[in-house]
There are 2 protein chains.
Amino acid sequence: MIDQKLVAWGHSGNIIREIAEYGAEQAKIVGAENVYNFTIGSPSIDPPACVFETMDALRASVPAAELYSYAPAPGLPEVREKAAAYLTRSFGLKYRKQDVIITCGTSTALAVMIKVLLSCGGRAMSFAPYFMDYRYYVESVGSSLTVCPTVADSFQLDLKAAERMLTPDTMLLILNSPNNPSGVVLRREGLEGLARLLERKQAEYGHPIYILADEPYRDLVYDGQEVVFLPAIYKNTIYCYSFSKSMSLPGERVGFMALPPELDDYADIHAAALAVIRSFGYICVSNMWQRVGIECLGATSDISVYKANRDRLYSALTEMGYTCVYPDGAFYLFMKTPEPDAGAFCKRAMRENLLLVPGDSFGTPGYVRLAYCVSPAVIERALPTFRKLAKEYGLRG
Amino acid sequence: MIDQKLVAWGHSGNIIREIAEYGAEQAKIVGAENVYNFTIGSPSIDPPACVFETMDALRASVPAAELYSYAPAPGLPEVREKAAAYLTRSFGLKYRKQDVIITCGTSTALAVMIKVLLSCGGRAMSFAPYFMDYRYYVESVGSSLTVCPTVADSFQLDLKAAERMLTPDTMLLILNSPNNPSGVVLRREGLEGLARLLERKQAEYGHPIYILADEPYRDLVYDGQEVVFLPAIYKNTIYCYSFSKSMSLPGERVGFMALPPELDDYADIHAAALAVIRSFGYICVSNMWQRVGIECLGATSDISVYKANRDRLYSALTEMGYTCVYPDGAFYLFMKTPEPDAGAFCKRAMRENLLLVPGDSFGTPGYVRLAYCVSPAVIERALPTFRKLAKEYGLRG
C-alpha cells in the first residue's frame, strides 16, 4: 500500500542525527563532559544581540493578532523588499521585492526549486563532497543526482570532470560554498570557468542550465576569503540564503531565495515555485521570525569563537599527523581517516565517546566531518583522544 | 522546461489572499474602517496569556544555543511525549510519544500524509464544502480529489452519497469538523455510520481506507456541541491538530499529527512520513514555538468574542432574509447568496467594500464564506451594507 522506497528512506534515518542521539544517551551514562560530540552543525554561540532586541521591540509595538498572523505565502512584502535591497546593496545586482521568496531556511528553497526545475524531467548535478539531503530532494521527484568529483585534497572544482559529466538532460547544478562538510570556499577562477562551461553547454543543449547557490555559510569565513556571488557571474543562478547559521537560529527556519530578474523562464519558474510551496503545505514562514531575521540581516553571532576553534583543531590535528582540508569557512573540518574505511574509524572513535560523521554520507569516502561549532573546552578535552587514535593508527600522535 | 500545470497553479493564485490584498489596498484609499474584510481566517484575538508567559520563561531558562537549535525532524521528544499524554488524557485513547509527529500546522500534516497514502496510487475523497488546499495536496502527487456531496443546507454527512462515490481506489478521506468554510460540526450519528461503511468497504476492497481528521478548529465550539474524536470510532484515522486557531498563532506554524498504535500498516506509514517530511525540506518545526505551544495545549484565546460575533451576525443576517447555515464552531459563517452566482454576488459586495469569499472555492457554489474573526465593530459597520444588498436582491433587508 505504501511506496517501499519511501519506507526504506524513512528507516534509513539520518546518520548525523543518529550519532548525535547516541551521544546524548551516552552523556547520561559517562557524563556530558566525557562525550566529544562533533556531529551536529547547530551553532554553539548566541544569536547577535539584534535578534533579542528586535523580538522585544516587535512584541512592544506590533499587535499580537498581526505579529503572529499568517504571512503571505512568499513572505511579508516589507521583508521581501528589505532582502532585495540588501542583496542589491551588498552585491551590486539589482533585485526587486517580487524576486525574493522567504523560505524555511535554504533546505525548503532547494527542495522547492528542485521540484520546479525537474518538473519536466532531467537530472541534477552536485560536487563531492555534497550535503546529503540534496539526494533526497532530487530522488523524491523521481530524478537522480549526478555527483561530479572535485580536485583531490583541495575540493576545488574540476572543470574537466564537470564537462565530462554534463549531459543534455542536466537541468540544474547545486553549488555549496562555503561547503558543508569540507569548509572549503570555491575560488573565483573555478567558478568563472564553470560559468563559461555552462554557457557553452546551454547553447549546445538548447536549454537553460540553472545553478542553485546553497549559501547558508556565506557570512562564516575567517581569513577574508572571497565568497563569489554566483548570480553576478552566471545569470541563471537562484541564490539561497538562510539565517540559520550566521544568526544562530537554525531551529527557527528562516531564509530566502532570490531569482534574478533576467533569469531564463523567470515567469514560469516564479509561478511554479509558488505552486510547489503551496502543495508542500508550509503556508508561510514564521511571521515573527521573518521580521526578526530581516532586521538583523548582515549581523552575525560572534564568529571569532569558530575561528579560534578552527585554528586550534586544524593545527593540533595536523601536528598529530592527520591530513585535513584547510577550511576557509562554515564550521566544519574534513579530515582524512587513517584507514580507508571512514565508517570503521568512526566506530573506533565512538568507543572513546568521540563522535564524528563518516564522509561516505557526503559522497566522499575516506574522510570524516567534524562540526567544530562546539565550546572550546570540548576541543581541549577531545584532543588526547585524537592523539591516542593517531598513535594507534601509526601516525605521529 | 517547466511543468505548465504547476505554472497555471501558481498563476491561479489564492482567491482568499487576493481578495484580502485588494482589501488592504482599498483601505489605503477609503480608510480601513470603511472596508469590511471577512476573507481571512486569521484569529483576531490575542493568544492566551500562557503563550507569552512560556516564551518569557523559556528565554530566561533555556540557553539560546539550545532554544533556537535544530529540533529533531519529527519534533522534540518532550513535546511529542506531552502531546501524546494530552490526547490520551483528553480522549481516552492510548498514544505513545513515537505516535506523535510535530508539523507546521495541519496543512503540512495533510500534505505529508496525502503523499504517503497515495504513494502507490489511488484517490482521495472529501466532502463539500471542503478547504480548497486539499485539492492542491492531492493533485500535486498526481492523484485526484473526489468531492462527495453532503445533506443540503445542513452539510451533515450523506452516507448514501458516500457509499455511491467510494470506489476500490479510494485510499483516504479527509474530514474537517468544525468545518471550514461552513462552521458545521459533524454529528456523531453520521460519523458512526461512516465508520461502519468504511469498515465494510475495507473488507470488500481488501485494503485499508484511511481518514485524515483535519481538526484545527476542534477547540472553537460555542454551544457545547460534541466534536467526535474520530480515532476512537474508526481506528484507521490520523488525527491532525494545529495551535494556529485556538491559540491565535497561525503564522507561527505549529501543530501535530498522531498515528494510533493500531493503525493498519503503521510501521510503513510512520517511516514513509519521516521520509516525505525530509524530502519537503522543512527540517523541523520552530524549536521555540513547539515548546511554547505544548505548554499551552488546551488553553485557548478568549473565544467568547467569536461566539458573540457569530450570534450577532447569524441573527442579523437571517433577520434580513439571508439563509445561513448555523455554525456550531470555527469562526466561519456560510451564507446562501441571493443570486445563484456567488462570484457575481461577491463582486457586487466588493463594490461596497464588503469582502467575502465565494463558495465555489470550497466546492459549493451559491454560498459565500464570512470569516467572523474580526472586531465586533467591523460587524456593526458592515451590517447596513448587508441590509442594502438584501433589499437590492428583494429580501426583507
Side-chain angles (χ1 to χ4, degrees), chain A residues 1-3 6-7 9-11 14 17 40 42-47 64-65 68-73 104-105 107-112 116-117 119-120 133 136-137 140 207-208 248-253 265 268-276 278-284 286-289, chain B residues 1-3 6-7 9-11 14 17 40 42-47 64-65 68-73 104-105 107-112 116-117 119-120 133 136-137 140 207-208 248-253 265 268-276 278-284 286-289:
Chain A
M1 290 295 301
I2 309 296
D3 179 358
L6 285 180
V7 173
W9 273 357
H11 283 307
N14 177 326
R17 301 287 182 120
I40 290 263
S42 200
S44 55
I45 50 183
D46 277 356
Y68 310 118
S69 70
Y70 290 116
C104 299
S107 301
T108 59
L110 295 172
V112 166
V116 168
L117 297 175
S119 61
C120 287
D133 281 19
Y136 277 82
Y137 307 149
S140 74
H207 65 73
S248 295
L249 293 173
E252 303 306 329
R253 318 304 310 128
D265 295 322
D268 279 7
I269 291 172
H270 196 279
L274 298 184
V276 171
R278 192 168 177 189
S279 75
F280 280 3
Y282 306 138
I283 306 289
C284 62
S286 159
N287 189 325
M288 188 196 80
W289 283 115
Chain B
M1 292 294 302
I2 309 296
D3 180 356
L6 286 180
V7 173
W9 273 357
H11 284 308
N14 178 326
R17 301 287 182 123
I40 289 263
S42 200
S44 55
I45 49 182
D46 277 357
Y68 309 118
S69 70
Y70 291 116
C104 300
S107 301
T108 59
L110 295 171
V112 166
V116 167
L117 297 175
S119 61
C120 287
D133 282 20
Y136 277 81
Y137 307 149
S140 75
H207 65 73
S248 295
L249 293 173
E252 303 307 329
R253 318 303 311 129
D265 295 324
D268 279 7
I269 292 173
H270 196 278
L274 297 185
V276 171
R278 192 168 177 188
S279 76
F280 280 1
Y282 307 138
I283 306 292
C284 60
S286 160
N287 189 323
M288 187 195 79
W289 283 116

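Protein chains get the first letters and strands the later ones, always in sequence-line order, with residue 1 at the start of each.
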Testing the basics here: between [X] and [Y], what is the closest heavy-atom pair and its distance to 0.1 Å?
{"X": "A:S279", "Y": "B:A111", "value": "O-CB, 3.6 Å"}
{"X": "B:L117", "Y": "A:I2", "value": "CD2-CD1, 4.1 Å"}
{"X": "B:Y137", "Y": "A:R278", "value": "CE2-O, 3.3 Å"}
{"X": "A:C120", "Y": "B:D3", "value": "SG-N, 3.3 Å"}
{"X": "B:A275", "Y": "A:G10", "value": "CB-N, 3.7 Å"}
{"X": "B:Y68", "Y": "A:P47", "value": "CD1-CG, 4.1 Å"}

Please tell me if the side chains of B:R253 and A:C284 come closer than 4.5 Å, counting only heavy atoms from C-beta onward.
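Touching, per the 4.5 Å side-chain cut-off.
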Under 4.5 Å between any side-chain heavy atoms of B:P208 and A:M1, yes or no?
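Side-chain contact under 4.5 Å: yes.
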[X] versus chain B, the contacting section by heavy-atom distance below 4.5 Å:
{"X": "A:D268", "result": "both"}
{"X": "A:P43", "result": "backbone"}
{"X": "A:S69", "result": "both"}
{"X": "A:S248", "result": "backbone"}

Within the side chain of B:Y282, is there an N or O that forms a donor-acceptor pair under 3.5 Å with the backbone of A:F280?
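A pair under 3.5 Å: yes.
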With chain B as the partner, which of [options] has the greatest number of non-hydrogen pairs under 4.5 Å?
{"options": "A:T108, A:L249, A:V116", "answer": "A:T108"}
{"options": "A:S119, A:A71, A:A65, A:A109", "answer": "A:S119"}
{"options": "A:S44, A:P250, A:A272", "answer": "A:P250"}
{"options": "A:I269, A:I283, A:I40", "answer": "A:I283"}

Can you name the residues that form a side chain to side chain contact (heavy atoms under 4.5 Å, CB included) with A:S286, not counting sequence neighbours?
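In terms of side chain to side chain contact (heavy atoms under 4.5 Å, CB included), with neighbours along the sequence ignored, A:S286 is linked to A:M288, A:W289, B:E252, B:W289.
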With A:A271, which residues qualify under side chain to side chain contact (heavy atoms under 4.5 Å, CB included), at least two apart?
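B:V7, B:H11.
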Would you mind telling me which of B:D133, B:D46, B:L110 has the largest number of heavy-atom pairs within less than 4.5 Å of chain A?
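So the answer, after comparing B:D133, B:D46, B:L110, is B:D133.
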